[in-house]
Amino acid sequence: MIGFFILGLILHLAAMAIPAVVHDDRLLNRAVNLLNAFALACSLVFSLNSLLAYQPWEMRLALPMVGIIPLACDGITLFFLFTFQLLSLAGSVYAIGYLEQYIERGIRIRWHLVSFTLLILSMQLVVVVQHALAFLVAWELMAVSAYFCIVLEKQRPEVRRGGFWYFVATHASALFLYVFFILLHEKSGSWEFADYARQTGWDAGTLALLLVTGFVGFAIKAGFMPFHAWLPNAHPAAPAHVSGLLSAINIKAGIYGIVRMFMFFPIDRQAFGWALLAVALVSAIGGVWYALAQHEMKRLLAYHSVENIGIIGLGLAVAWLGRCISSPSLVALGLAGALLHTLNHAVFKALLFFGAGNVYLYAHTSEIEKLGGLAKVLPVTGAAFLIGAVSICGLPPLNGFISEFLIYKSFFQGGSLMGGHAPLALLVSAVSLAFVGGLAVACFTKLYGVVFLGENRSKTPPHGHEANSSIPVLVGLATLCGWIGFAPGAALRLVAPAVSEMSGLPAIRLGRELIAPMDELTPVFALLLVMTLLTLVVKIWAQKKAGVRLRETWGCGYQNVTARMQYSASSFAEELVKLGQPLLGLKLHWKPITHVLPEPRTFSSHGFDQVEQGLWIRLDRAIGRALRMLRWIQSGNIRHYVVYIFAALIIYLIIAFAFVW
Amino acid sequence: MVTFSSNPFSWLGFVGLAAGAPLLTGIVNKLKARLSGRLGASVLQPYFDLVRLARKETIYSRSSGFITRLAPVIVWNTTAFAVLLLPVGLFPGPISFDGDIILLAYLLGLGRFLQILAALDVASSFEGMGASREARFAVFAEPIFFFTIGSLALVTGRFSLESIVAGIMWDKPLFPIFIIVSSISIFFLMITECSRMPVDDPNTHLELTMIHEVMILDASGFDLMLYQHAASLKLLLYSLLVTSLLNPFGWLNPAAGVALVVVVLAVLAACLAAIETLMARFRLVLVPQFLLYATVIGVLNILIFTFSH
Amino acid sequence: MMLTILLLLGLPLLSTVYTARSRSLEKNHFATLATGAGHLGATLYLLLTRQNPFPTRAWFGLDPLGSFFLLILSHTFFAVALYSPGFLQRMKKPEYHPSRWLYYPALNSYLLASTLVIVTQHFGLLWVVIELTTFSLVPLIYFYRSKESLEAVWKYLFLVSLGLVFLLIGILALGLATKGAGAHASLVVTDLVRDAAKLDPLWVKTGFVLALVGISAKIGLAPMHPADIDATSNAPGPVAALMAGSLRSTAMLVLLRFYEVACHTSVRVFSQRLLMIAGAFSILVAAVYIWRSRDYKRLLAYSSVEHLGIITLATGIGGVAMLGALLHTLFNSFGKIALFFMAGRINRDLQTRQIDSVHGLMQRLPWSGFVFGLAFFYIIGTPPFGLFFSELLMLRGMVHARDWLVLGLFLVLLMIIFIGMSRALLRMLQSPQPVGLPTGKPLERFHVAHAVSFYALVVSVPIAILRPDFLFGPLRSILTEFGFSL
Amino acid sequence: MTNALTILFCLTLMYLAVTTRLSSYVLILVFQGILVSGVYTVSFFENFSAAHLVIAGAVLLFRTILIPTYIVKIIRDLDMEHRDQTRRYHPGFLLQISGVIIAALLFSYQFSRITPVLVIPLGTALAGICSGGLLIVRRRLLLAHVIGFLIIENGLFLLGVGVKADLPWVIELGTFLDLFVLIFLMGIAINHLKSHFPEGAGEDLTTLHD
């Protein structure tokens with residue numbers, strides 16, 4: 001089986017070599033992406049098979065002179081490997097159609113394709129490698145290749161800005177990870193993850209420092225709230241197939257890191273669990289609330305990634321708490337919810353971003369105020385986007401509901417198992433998850449309603465076509481959402497190896513406790529589907545008998561209704577955004593009507609990210625001001641430099657003789 | 001953890017409930033008319049409306065797409081399915097499993113999602129207004145539901161609706177407080193969700209004040225029938241939820257339990273009618289405050305539980 | 001034995017005289033290239049066989065520390081020698097003719113002077129010879145004969161000489177310290193290290209302080225760095241690479257000689273603290289000017305100040321960090337070769353040094369743009385290049401020494417510098433070709449400078465990953481000499 | 001005898017504080033050269049080592065003859081005397097120099113109690129170095145900077161005597177050679193200055209700054 005995976009990696013390397021040979025962009029685009037897709041299909045065979053049959057694979061790659069780099073595919077790695085490969089396959093097939101527009105506009109895509117393949121390759125390496133140094137090398141490789149994927153359209157300044165945000169954020173996370181792994185190396189004396197898991201006897205100070213640096217490092221990459229500022233800038237800047245992959249799987253590398261971190265520290269420390277819960281809650285609520293105020297499609301979806309990362313964080317927090325009170329069933333429940341939501345989010349977020357890509361292809365803008373009524377023109381994208389929207393809000397028949405259902409169950413089970421203030425805290429987090437669900441419903445009804453339904457709002461109706469290669473991808477992802485929704489038991493079997501490793505539950509008990517109850521959901525949803533189809537049949541029969549006519553919309557008698565009278569995105573979400581005013585930051589740009597015969601007025605509202613502005617931009621300016629205080633050193637006057645020499649001499653002599661060292 | 005209950009009575013019960021839902025709406029309207037000194041339409045008037053609508057011709061707007069055709073079907077089915085999950089008195093509902101409270105809440109969420117989309121589909125500013133208001137109030141509705149039912153689940157230590165209801169013992173020290181508090185907050189929730197008077201006037205046609213009514217402004221014929229039946233089903237759903245919380249004589253034999261449910265339903269209908277005649281509609285800005293009261297009451301529940309033992 | 005001495009010292013002397021007399025550039029170029037090759041060959045031979053060709057206890061000797069820095073010097077010189085002909089062919093303007101004639105003699109005399117600095121063991125002689133390196137650089141910095149380069153030369157000459165005055169006072173102080181020892185007062189490093197216990201700590205401490213202040217002007221440590229910044233940013237490409245690459249490392253060697261003596265006396269802890277303070281302050285000053293900089297050559301000069309600051313900080317921490325620092329010196333010289341070669345070419349082709357006015361770099365100069373981008377990723381320390389591994393070693397040293405405050409400050413400053421560098425250089429690399437500008441400029445061909453720079457960047461990868469014994473052997477013996485256990 | 005000569009050295013420093021004319025600066029340099037070579041000849045008579053005589057001769061040659069004549073040549077070529085507008089007499093400079101001399105002498109007295117060191121030569125050497133620095137910092141004329149630098153060199157050389165660190169004579173000669181080459185290069189630089197700044201008499205350059 002491992003042969004397939006190695007074949008896949010070799011084919012990826014071959015795909016990176018093609019741009020050197022082929023020079024016609026159109027042929028190049030097809031060749032590289034199809035080869036990538038085939039390579040991913042091969043390695044998918046490996047990961048899926050070894051995941052279901054659960055054969056963990058171990059290998060210690062002994063490179064001459066370099067040393068031994070252990071590669072391993074245990075349950076956790078296999079699950080993330082499967083998710084990455086599945087979505088990269090969808091991404092590369094979608095890329096074929098999407099890159100056509102760049103070729104027409106004459107933008108060179110040679111380097112982009114090389115970095116896209118390198119991104120896919122390095123993401124798989126990050127998950128497989130079990131050696132700290134090699135992990136850091138793969139981590140930075142992933143960061144650099146993702147950066148070059150983002151800055152494909154170098155002409156637009158916001159693309160360059162987005163790329164820069166991404167580049168700085170990943171380097172910041174790398175710095176934290178350097179300290180994290182070096183501290184681990186200091187304690188255990190080796191670079192291999194296996195040794196860290198076996199390490200015992202942590203003293204309190206080092207453990208706290210390890211947990212903080214490790215979590216912050218991975219949280220910046222995952223996009224938890226205080227560190228999320230780069231995400232809504234970087235993902236919209238990328239072309240749709242890249243931003244789809246970034247949101248779906250690239251930030252999951254951070255989640256993989258946190259899960260791997262759990263394996264290192266068997267010591268239970270509840271404080272960290274509660275802190276993780278708090279951060280996850282803030283990310284979930286903040287993410288969706290900021291999404292509500294956005295009017296640009298991809299930026300809105302990026303904020304939703306922050307929200308879903310928060311939800312995954314909730315599952316992980318409960319799993320950590322479960323381990324603290326050493327109840328393996330709670331750990332299994334929480335972790336299963338978190339990992340399944342990782343897979344679900346990867347699937348429907350990629351679906352939504354590819355849908356947004358198609359909208360951009362058609363209307364050449366992703367500003368939702370200028371769109372409308374696209375469902376009639378892009379039927380497949382409309383239907384697929386609807387399925388994506390329903391599943392991201394966690395509504396029943398689809399996959400979003402299953403993972404949120406598991407996380408709710410873990411909250412309630414955790415509440416009943418843990419005494420003291422735990423029930424109150426867990427109930428509050430369950431309620432906030434519901435609150436987040438409500439906000440998500442509001443946000444996605446706004447997005448879908450304004451973009452796909454009603455009439456087109458822009459003056460000149462756009463022209464364009466649906467990327468033909470995207471249709472199978474969208475349909476495939478949508479059916480996957482439905483399949484996980486209707487057959488949750490099967491999806492949980494993908495998660496089972498990782499969960500049983502982490503929680504220590506044997507596979508049989510895991511099957512009975514976790515997978516069996518979820519299997520019983522299938523008949524429930526089947527009944528719902530049957531009832532719906534039945535009602536539909538009755539409705540069609542009744543309407544055929546009674547007759548159907550098409551007329552103008554009933555506007556309470558008002559005759560010439562124009563497209564601009566429809567509810568716009570900002571008016572739809574205005575009240576809710578106003579509620580979060582202090583945190584949310586909403587700028588209204590309008591002049592009040594003063595005298596009797598007012599000239600035409602415009603109104604526009606613009607939601608800005610208070611955390612990003614308040615925290616990071618202000619920090620940037622503060623650093624600039626602080627550093628400017630020292631700007632007088634290079635004054636250009638030679639006599640000042642002579643004074644510096646004498647001054648330095650005196651200061652050093654004072655240090656030498658005044659302080660006793 | 002049996003999901004589908006085997007005895008046919010619960011399934012028959014569901015059919016009976018589905019049929020009886022418009023009757024409850026009729027009773028409430030009748031009581032409201034009586035209280036305001038009018039004779040009022042007959043109790044069965046809602047049935048006549050439904051039958052009339054089923055036969056009328058359906059008119060669709062030119063700018064609407066497949067959503068407008070699909071939404072009524074899903075709205076009706078989700079609400080009906082939610083009723084399936086409900087225990088009546090002490091009888092467990094046809095479907096009950098651990099965590100069905102989450103499915104109940106999110107099923108209603110799915111119905112709301114598609115109803116809002118259908119409203120936005122017809123490209124008219126009135127439906128847009130209703131949709132935006134519905135989306136805003138729905139955001140507060142779900143937390144209330146989870147606070148009350150969730151705290152009861154934690155208190156009784158069981159997670160399926162039917163077992164929570166069975167787990168409510170009046171003799172336990174703090175349970176009377178939990179029951180009163182939960183039923184009040186669910187009652188507030190009912191007023192908001194089923195668009196009863198203080199929050200939204202069910203039978204007004206003034207565009208600026210409507211919330212639920214305006215979302216189905218463009219529905220006609222069979223679609224309107226489905227929407228109206230779904231609305232009455234939702235009213236029945238919430239009132240059944242309140243009654244199953246308020247069943248003081250759980251230890252009575254089951255037959256008496258069902259009779260008791262009917263009595264409590266009647267009392268509830270009377271309360272609704274009384275409130276609707278006595279109170280005027282809230283200003284829209286006050287509605288979030290009203291919902292916040294309900295949430296705070298719900299929080300009371302869990303605070304008592306945490307600090308009691 | 002004698003052959004290596006001839007190759008190391010005789011050859012540069014011979015080629016200086018030869019290039020000074022001969023008029024034709026081609027002959028000069030071959031002579032310099034031959035010298036570079038011979039010098040590099042001798043250095044590698046000495047490294048492999050790890051022997052000291054000079055008679056013991058003489059004024060000259062080659063210890064592991066010397067042989068490591070000799071490798072840095074000869075490698076940088078060989079790279080510059082390879083690139084010089086291409087560079088000189090582009091300097092066609094008439095006012096450059098005198099400096100074109102002076103270029104090769106100065107270059108060879110620099111090699112001679114630096115080799116002498118590395119091989120001398122006697123501190124007094126060290127001062128005389130290090131003065132020579134400054135003189136040999138003067139005609140090279142003043143190549144463009146413009147107002148700025150004149151001012152740069154003047155400042156560099158004056159301030160470095162002033163600094164060296166303090167170095168001489170430091171050496172005299174060290175001499176005074178040996179008075180107490182009773183043993184015959186010789187200023188040879190090996191003797192000083194041998195009877196270090198008997199040295200008078202007061203004068204050793206004063207000597208170390210004076211030496212640090214004196215040599216900082218040459219190394220480029222703050223606050224004595226301004227002269228160095230002006231000189232490096234106004235010198236032509238290859239000369240700037242020579243300065244940033246080898247001159248600063250050679251000056252660092254002088255500081256390490258003093259540090260070696262201080263390490264064996266009771267002044268050890270103080271000297272480490274002082275190095276850390278000087279290093280941290282240099283990184284801070286570099287961060288100040290890298291954060292908002294308009295001119296990319298000055299940006300690269302400040303990046304050299306930053307890297308030397310990092311090296312001094314890590315040397316102050318000792319242990320594994322010291323190993324990281326030495327490796328960092330080697331990899332920094334590789335990086336600076338590539339960066340300054342490409343910066344020189346970009347400056348010549350686009351006729352501008354302002355970051356904001358560099359547009360369409362990848363379209364107009366594809367090769368230079370690509371190598372410059374690669375050098376950028378090299379210098380900020382992305383793996384698999386060498387700087388990543390040396391930075392990791394340094395971090396390991398800091399964590400081992402449990403200096404959390406130093407570690408925190410180090411990481412924050414590193415992050416600020418990373419943001420400043422990437423903000424500036426990414427704007428240069430990514431800013432598109434404005435539609436108005438003519439793209440008529442013929443695409444440049446592949447040139448030996450690109451080959452040399454690319455080789456310099458890529459050669460760091462096997463060195464860092466494979467850790468060849470011929471290099472890490474001397475490094476480990478250096479650490480034991482300084483009294484650090486690995 | 002060496003003490004007497006070093007006291008005279010202090011006098012030349014005091015004279016430095018009062019004059020502003022370049023030609024008087026050159027005069028100071030010549031005097032200092034003579035005094036330093038005198039110190040060396042005196043030390044020759046103490047221990048009769050030929051090295052001292054050679055160094056004294058070298059000092060005489062370099063610091064008294066070669067370097068001052070070269071500087072006078074520069075002043076005459078560039079006609080600096082007349083076009084130097086930076087000549088403003090600061091009364092405070094005399095106070096600074098004398099303060100420095102007193103401080104240096106006191107400091108070297110403290111040092112002599114700790115380690116065996118000649119008090120007066122060490123004091124005057126430190127005073128020489130500091131006053132050279134003060135001259136550089138105070139005057140804007142580049143040539144004044146060169147002269148300040150030379151005064152520091154003389155002070156440094158006296159320090160060698162004060163500290164009794166008898167470097168091998170080869171290295172002493174090396175330092176003289178370096179000093180001369182340095183001054184030669186600075187002369188060339190100042191000549192080139194003329195081609196770029198025809199009007200000024202070589203004020204300080206401040207174009208390169210951030």
Side-chain angles (χ1 to χ4, degrees), chain C residues 59 122-132 134-135 138-139 142 145-155 157-158 160-162 164-166 168-169 171-180 185-187 200 202-203 206 226-227 229-231 233-234 288-289 292-295 298 302, chain D residues 111 114-117 122 125-126 129 132-133 136 142 145-146 148-150 152-153 155-186 188-197 202 204-210:
Chain C
W59 278 359
H122 189 284
F123 278 100
L125 190 62
L126 192 66
W127 187 84
V128 174
V129 182
I130 206 158
E131 192 74 38
L132 285 181
T134 324
F135 301 149
V138 162
Y142 189 52
R145 293 184 182 274
S146 68
K147 203 139 58 82
E148 288 82 16
S149 59
L150 176 64
E151 181 181 340
V153 162
W154 171 261
K155 282 186 181 165
L157 197 57
F158 188 79
V160 169
S161 320
L162 196 62
L164 291 183
V165 162
F166 289 99
L168 189 55
I169 300 171
I171 293 169
L172 293 182
L174 211 58
L176 197 59
T178 56
K179 279 286 179 309
S186 89
L187 274 174
D200 171 359
L202 170 78
W203 282 102
T206 334
I229 295 288
D230 295 343
S233 51
N234 289 310
V288 163
Y289 284 99
R292 273 283 182 284
S293 65
R294 281 175 295 284
D295 171 344
R298 294 188 80 84
Y302 279 111
Chain D
F111 251 82
I114 301 167
T115 47
V117 129
L122 179 66
L126 291 180
I129 291 169
I136 294 172
L142 288 189
H145 293 183
V146 170
F149 182 79
L150 283 170
I152 290 178
E153 282 289 330
L156 176 69
F157 194 69
L158 256 184
L159 188 73
V161 171
V163 156
K164 290 209 293 300
D166 38 17
L167 287 169
W169 61 276
V170 176
I171 294 174
E172 289 291 340
L173 283 185
T175 45
F176 296 153
L177 193 67
D178 282 349
L179 183 66
F180 179 73
V181 170
L182 184 66
I183 299 307
F184 182 73
L185 284 174
M186 285 193 184
I188 294 171
I190 290 181
N191 285 337
H192 278 264
L193 216 56
K194 280 294 141 259
S195 59
H196 290 294
F197 301 89
D204 51 10
L205 314 146
T206 53
T207 49
L208 291 175
H209 57 77
D210 272 348

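Note: hydrogens, waters and symmetry copies are ignored here, and every other heavy atom, side chains too, is used. Each chain gets a letter, A, B and so on, in the order its sequence line appears, and its residues count up from 1.
Residues passing the ring-ring contact (aromatic ring centres under 6.0 Å, His included) test with D:Phe180: none are found, sequence neighbours excluded. Every residue two or more places apart in sequence or in another chain that forms a salt bridge (Lys or Arg N to Asp or Glu O under 4.0 Å) with C:Glu151 is listed here: C:Lys155.
If you measure heavy-atom distances from D:Ile188 to chain C, you find no contacts under 4.5 Å at all. Of the atoms belonging to C:Ala152, heavy atoms from both backbone and side chain fall under 4.5 Å from chain D. With a threshold of 4.5 angstrom between heavy atoms, C:Phe158 approaches chain D through its backbone and through its side chain. Interface residue D:Phe111: only side-chain heavy atoms are found under 4.5 Å from chain C. Using a 4.5 Å cut-off between heavy atoms, D:Ile129 contacts chain C through its side chain alone, with no backbone atom that close. If you measure heavy-atom distances from C:Val153 to chain D, you find no contacts under 4.5 Å at all. Contact of C:Arg292 with chain D is not made at all, since no heavy-atom distance falls under 4.5 Å. Residue C:Asp295: no heavy atom, backbone or side chain, is found under 4.5 Å from chain D. Proximity to chain D is absent for every atom of C:Ser293, based on heavy atoms less than 4.5 angstrom apart.
Counting heavy-atom pairs closer than 4.5 Å to chain D, the top residue among C:Ala173, C:Pro226, C:Gly124, C:Ser233 is C:Gly124. Among the candidates C:Val129, C:Leu132, C:Ile229, C:Leu162, the residue making the largest number of heavy-atom pairs closer than 4.5 Å to chain D is C:Leu162. Among the candidates C:Ile169, C:Leu202, C:Val138, the residue making the largest number of heavy-atom pairs closer than 4.5 Å to chain D is C:Ile169. Of the listed residues (D:Val181, D:Ile152, D:Val146), the greatest number of heavy-atom pairs within a distance under 4.5 Å of chain C belongs to D:Val181.
Side-chain contact between D:Ile190 and C:Trp154 is present, with heavy atoms from C-beta onward closer than 4.5 Å. For the pair C:Leu157/C:Tyr142, no side-chain contact is recorded, criterion being any heavy-atom separation below 4.5 Å from C-beta on. At least one side-chain heavy atom of C:Leu126 sits less than 4.5 Å from a side-chain heavy atom of C:Phe123.
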Worksheet item: Can you check side chain to side chain contact (heavy atoms under 4.5 Å, CB included) on C:Ser161 and D:Phe149, steps first, answer last?
Response: CA-CA 9 Å; C:Ser161 320; D:Phe149 182 79; 3.7 Å; yes
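For C:Phe135 and D:Phe184, the gap between ring centers reaches or exceeds 6.0 Å.
Panel note: side chain C:Trp127, backbone C:Leu164; a donor-acceptor pair is recorded below 3.5 Å.
In plain terms, the two heavy atoms of D:Asp178 and C:Val128 that are nearest each other are OD2-O, 2.9 Å.
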